[in-house]
Number of protein chains: 2
Amino acid sequence: MDTSDDLRFDRGDGTPGRLRRQLSRLLGMTSAQASRVASEALAPLGAHKAHFVVLAVLAEGGPASQSEIADRARIYRSDLVAVLNELAEGGWIVRAPDPADKRRNTITITDRGRGRLAEIEAVLDDVNDRVMAPLSEAERAQLFSLLGRVNAHLASGGGASPAP
Amino acid sequence: MDTSDDLRFDRGDGTPGRLRRQLSRLLGMTSAQASRVASEALAPLGAHKAHFVVLAVLAEGGPASQSEIADRARIYRSDLVAVLNELAEGGWIVRAPDPADKRRNTITITDRGRGRLAEIEAVLDDVNDRVMAPLSEAERAQLFSLLGRVNAHLASGGGASPAP
DNA sequence: CCGCTTGCGTTAGTCCCACTAACGATGTAG
DNA sequence: CTACATCGTTAGTGGGACTAACGCAAGCGG
């Protein structure tokens with residue numbers, strides 16, 4: 001299998017070898033492309049990726065406070081506010097004050113929300129499939145595993161700069 | 001055993017399975033972390049990643065016009081302007097009008113520029129190493145290969161949405 | 001020569017994302 | 001009661017990808 005496609009990317013043509021060694025560059029480019037594909041696929045639905053994330057968290061973890069959602073969904077509480085507003089406006093979640101602790105809101109996914117989640121999930125699964133089209137099943141698993149390990153390592157402070 | 005660590009990441013605990021299936025999410029998180037590590041490492045030098053990219057292109061490809069650089073470095077011409085200004089201010093490149101075509105500038109890397117490139121490269125190589133610390137050599141190659149293939153696929157329009 | 005189109009560098013500005021700071025209201029500990 | 005921590009919220013930063021439009025120069029067809 002040769003690289004006969006007219007990719008304008010990292011092929012032998014003009015890309016210096018130094019650049020190809022940089023993981024962060026490759027990650028960045030790939031991430032940007034994948035993200036773009038996903039966003040474009042969700043656009044017709046009027047949905048954002050954050051919607052999916054939050055709905056998934058609520059569907060699988062049950063009702064939760066906003067900071068709980070933020071923790072689980074790996075979203076900042078500050079950004080979560082707008083997302084929840086949009087989701088509430090669509091009737092996909094309910095934001096109700098927690099009687100036990102008046103600081104908290106208890107967020108619950110609605111039935112419509114579950115439908116919405118399924119809808120979004122279908123789109124994103126398809127996107128995932130298109131993005132990873134050139135990879136076999138085993139390779140996809142490999143990619144997830146490798147990325148996951150790097151990610152976990154970085155998340156646990158593994159990449160911090162050494163003491164000065 | 002509580003999750004008192006402040007890894008707010010994907011560790012099986014609260015992250016729904018649906019989210020873990022999404023490559024773009026994993027890519028995004030990992031890319032953001034890696035990018036952050038790189039930026040922090042470059043900060044003490046007063047350097048940006050774009051500096052590295054442009055210097056590398058010039059060092060390996062020889063003098064070039066700005067749009068040529070933009071093509072090779074996979075940067076937008078509009079963004080390139082500021083980068084070249086900074087590089088010129090540091091004396092790492094020279095921007096001279098092309099006598100053959102007065103619309104063009106010919107950009108050339110200086111000796112100081114080559115020194116700067118080496119300096120930045122050393123930092124970034126170290127970053128790369130720290131980021132991929134948990135992976136063996138073979139696994140790193142695997143990761144590059146897999147990412148590269150996905151990236152190439154996306155770059156050649158592989159992930160476009162089907163006709164509506 | 002004249003107009004037309006194309007490519008070049010530049011300016012400005014948009015959108016999205018990760019991230020921080022601060023604040024009022026509420027809860028908790030001493 | 002006082003001091004402090006937490007919750008939701010608002011606002012704003014910084015960077016990266018990307019677009020639009022402009023002035024200028026080159027090239028081409030007539």
Side-chain angles (χ1 to χ4, degrees), chain A residues 8-9 24-40 42-43 47-54 64-71 73-88 93 95-107 151 154-155, chain B residues 6 8-9 24-25 27-40 42-43 47-54 64-71 73-88 93 95-107 151 154-155:
Chain A
R8 336 157 263 175
F9 258 67
S24 78
R25 180 176 157 79
L26 184 54
L27 270 176
M29 294 191 313
T30 314
S31 170
Q33 298 290 333
S35 180
R36 165 183 274 255
V37 171
S39 294
E40 283 174 357
L42 288 179
H48 293 294
K49 282 178 287 186
H51 294 185
F52 172 70
V53 173
V54 170
S65 73
Q66 297 191 192
S67 36
E68 221 173 320
I69 296 177
D71 285 351
R74 183 74 201 143
I75 285 184
Y76 283 79
R77 279 168 302 168
S78 39
D79 298 328
L80 187 57
V81 178
V83 176
L84 290 181
N85 286 340
E86 293 166 17
L87 289 176
I93 62 154
R95 213 208 232 111
D98 183 341
D101 185 340
K102 291 183 181 174
R103 293 171 303 177
R104 299 189 195 199
N105 294 329
T106 299
I107 316 295
N151 185 56
L154 292 176
Chain B
D6 77 311
R8 329 156 261 179
F9 260 69
S24 77
R25 180 177 157 80
L27 271 177
M29 292 191 315
T30 314
S31 170
Q33 298 290 332
S35 179
R36 164 183 274 256
V37 172
S39 294
E40 282 173 357
L42 287 179
H48 292 294
K49 282 180 285 187
H51 294 184
F52 172 70
V53 174
V54 170
S65 74
Q66 296 191 192
S67 35
E68 220 173 320
I69 296 177
D71 285 351
R74 196 68 207 147
I75 286 184
Y76 283 79
R77 283 170 301 166
S78 38
D79 297 329
L80 187 58
V81 178
V83 176
L84 290 182
N85 286 340
E86 293 168 17
L87 289 176
I93 61 155
R95 214 208 234 111
D98 183 342
D101 185 339
K102 291 183 182 174
R103 293 171 302 179
R104 297 189 198 200
N105 294 330
T106 300
I107 315 296
N151 185 57
L154 292 176

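Below, read A as the first sequence line, B as the second, and so on, with proteins coming before strands; counting in each chain starts at 1.
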Rounded to whole Å, how long is the line connecting atom [atom1] of [X] with atom [atom2] of [N]?
X	N	atom1	atom2	answer
Ile75(B)	dG9(C)	CD1	P	14 Å
Leu27(B)	dC17(C)	CG	P	15 Å
Ile107(B)	dG9(C)	CD1	C1'	10 Å
Leu42(A)	dC16(C)	CG	P	13 Å
Glu86(A)	dT9(D)	CD	P	13 Å
His48(B)	dG14(D)	NE2	P	12 Å
Arg25(B)	dC16(C)	CZ	P	19 Å
Gln33(A)	dC16(C)	CD	C1'	15 Å

Q. Gly28(A) or Ser65(A): which one's nearest nucleotide on DNA chain D is closer to the 5' end?
A.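 Result: Ser65(A).
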Is there any protein nitrogen or oxygen under 3.5 Å from a nitrogen or oxygen in nucleotides 26-30 of chain C, and what are the pairs?
residue	atom	partner	partner atom	Å
dG27(C)	OP1	Lys102(A)	N	2.5

Minimum-distance pair of heavy atoms, taken over all atoms of [X] and [Y]:
X	Y	value
Leu80(A)	Ala70(A)	CD2-N, 3.9 Å
Leu27(B)	Ala34(A)	CD1-CB, 4.0 Å
Ala50(B)	Ile75(B)	CB-CD1, 4.4 Å

Q) So do His51(A) and Val83(A) actually touch side chain to side chain, heavy atoms under 4.5 Å? A)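 Yes, their side chains come closer than 4.5 Å.
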Q: State, with a plain yes or no, whether a side-chain heavy atom of Ser35(B) is found less than 4.5 Å away from one of Lys49(B).
A: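 Yes, their side chains come closer than 4.5 Å.
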Q.
If the condition is salt bridge (charged side-chain N to carboxylate O under 4.0 Å, His left out), which residues does Glu86(A) pass it with, not counting sequence neighbours?
A.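 Glu86(A) satisfies salt bridge (charged side-chain N to carboxylate O under 4.0 Å, His left out) with no residue once adjacent residues are dropped.
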Q.
Nearest 0.5 angstrom please: Asp79(A) CG to Arg77(A) CZ, how far?
A.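 With rounding to 0.5 Å, CG (Asp79(A)) is 11.0 Å from CZ (Arg77(A)).
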Q. Distance from Arg36(B) atom CZ to Leu154(A) atom CG, nearest 0.5 Å?
A.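 That separation rounds to 11.0 Å.
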Q | Test item: Asn105(A) side-chain N/O and Ile107(A) main-chain N/O as donor-acceptor pair under 3.5 Å | A |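 Absent.
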Does a side-chain N or O of [X] approach OP1 or OP2 of [N] to a distance below 4.0 Å, or not?
X	N	value
Tyr76(A)	dA18(C)	no
Arg36(B)	dG16(D)	no
Ser67(A)	dG8(D)	yes

Would you tabulate the pairs of protein nitrogen or oxygen atoms and nucleotide nitrogen or oxygen atoms of nucleotides 10-12 of chain C closer than 3.5 angstrom?
residue	atom	partner	partner atom	Å
dT10(C)	OP2	Gln66(B)	OE1	2.9
dT10(C)	OP2	Gln66(B)	NE2	2.8
dT10(C)	OP2	Arg95(B)	NH2	3.4

